[in-house]
Amino acid sequence: PALRPVGRLDAQSVGLLLLTDSSQLVNRLTGPESCEKEYLLRVTPRPNGWQLKQLAEGVQIADGKGLTNPCMVSLVQADDGRGVVRFVIH
C-alpha cells in the first residue's frame with residue numbers, strides 16, 4: 001500500500017506531518033469522531049477577552065455561509081501587543 005499523509009500543513013505553518021499506509025489510522029485521526037486537535041497561532045494585535053469569547057463561541061465564516069464550531073480558546077502568551085492563542089477543536 002502507498003503512504004498517505006494524515007492531515008496537512010498549511011503554507012505558513014510548522015508541525016509534524018504523519019505518513020501512514022493504514023487507511024484505518026487516517027480515518028481514526030482525521031474523521032468526524034477523531035481526536036482533539038490543538039493549534040497555536042501567533043497573532044497581532046493581541047485579542048482581548050471579548051474577542052477570545054467570540055472565537056470560542058463561533059464566528060461568521062468569511063463567505064457568510066455559516067459559523068465556525070465552538071472550541072476551547074485561550075491566550076497563552078502576550079507581549080508587545082502580540083499574542084499566542086491556543087485553539088482546541090474536536
Side-chain angles (χ1 to χ4, degrees):
L3 287 178
R4 297 176 21 183
V6 178
R8 68 174 200 274
L9 291 176
D10 291 326
Q12 293 188 8
S13 62
V14 176
L16 174 73
L17 186 58
L18 180 64
L19 300 173
T20 183
D21 63 354
S22 169
S23 59
Q24 288 178 328
L25 180 60
V26 171
N27 291 335
R28 188 168 149 217
L29 294 176
T30 62
E33 299 298 320
S34 66
C35 58
E36 289 184 339
K37 296 166 185 75
E38 179 177 327
Y39 300 90
L40 295 173
L41 291 95
R42 193 166 296 145
V43 297
T44 304
R46 180 181 64 236
N48 61 37
W50 180 83
Q51 292 166 323
L52 293 171
K53 183 177 184 285
Q54 291 296 308
L55 289 168
E57 293 174 356
V59 294
Q60 185 73 39
I61 296 175
D63 65 9
K65 295 183 180 177
L67 293 174
T68 60
N69 288 330
C71 63
M72 293 189 318
V73 179
S74 59
L75 184 64
V76 295
Q77 183 180 355
D79 58 350
D80 296 331
R82 297 176 297 180
V84 176
V85 179
R86 178 179 177 252
F87 288 85
V88 180
I89 62 174
H90 185 54

Side-chain heavy atoms of Asn69 within contact of Ile89, under 4.5 Å = no
Of all the heavy-atom pairs spanning Arg4 and Ser23, show the shortest one and how long it is.
-> NH1-CB, 3.7 Å
Are the side chain of Glu38 and the backbone of Arg86 linked by a donor-acceptor contact shorter than 3.5 Å?
-> no
Considering residues at least two apart in sequence or located in another chain, which fulfil the side-chain hydrogen bond (donor to acceptor under 3.5 Å, both in side chains) criterion with Gln24?
-> none
What about Leu75 and Val84, same hydrophobic cluster or not, with Ile/Leu/Val/Met/Phe/Trp/Tyr joined at side-chain heavy-atom distances under 4.5 Å?
-> no
Least distance between heavy atoms, Ser34 atom then Thr30 atom = CB-N, 3.7 Å
Tell me, do Val6 and Leu19 make a side-chain contact under 4.5 Å, heavy atoms counted?
-> no
When clusters are formed by joining ILVMFWY residues with side-chain heavy atoms under 4.5 Å apart, either directly or through shared neighbours, do Leu55 and Tyr39 land in the same one?
-> yes
First locate atom CD of Glu57, then atom OG1 of Thr68, and finally report the distance between them rounded to the nearest 0.5 Å.
-> 10.0 Å
Set of side-chain hydrogen bond (donor to acceptor under 3.5 Å, both in side chains) partners for Arg42, sequence neighbours left out | none
Rounded to the nearest 0.5 Å, the CG atom of Leu3 sits from the OG atom of Ser22 at a distance of 11.0 Å
Compare all side-chain heavy atoms of Val85 with those of Val76 and state whether any distance is below 4.5 angstrom.
-> no
Are Val59 and Leu52 co-members of a hydrophobic cluster defined by side-chain heavy atoms under 4.5 Å apart?
-> yes
Over all heavy atoms of both residues, which pair between Leu17 and Pro5 is shortest? Give the atoms and the distance, please.
-> CD1-CB, 4.2 Å
Scan residues 62-85 for pairs that pass salt bridge (charged side-chain N to carboxylate O under 4.0 Å, His left out), counting only residues two or more places apart or in two chains.
-> none
Side chains of Lys37 and Val88: does their closest heavy-atom pair fall under 4.5 Å?
-> no
Just by modelled atom types, is the Asn48 backbone N or O under 3.5 Å from a matching donor or acceptor in the Gln51 side chain?
-> yes
In terms of hydrophobic clusters joined by side-chain contacts under 4.5 Å, are Leu18 and Leu9 together?
-> no
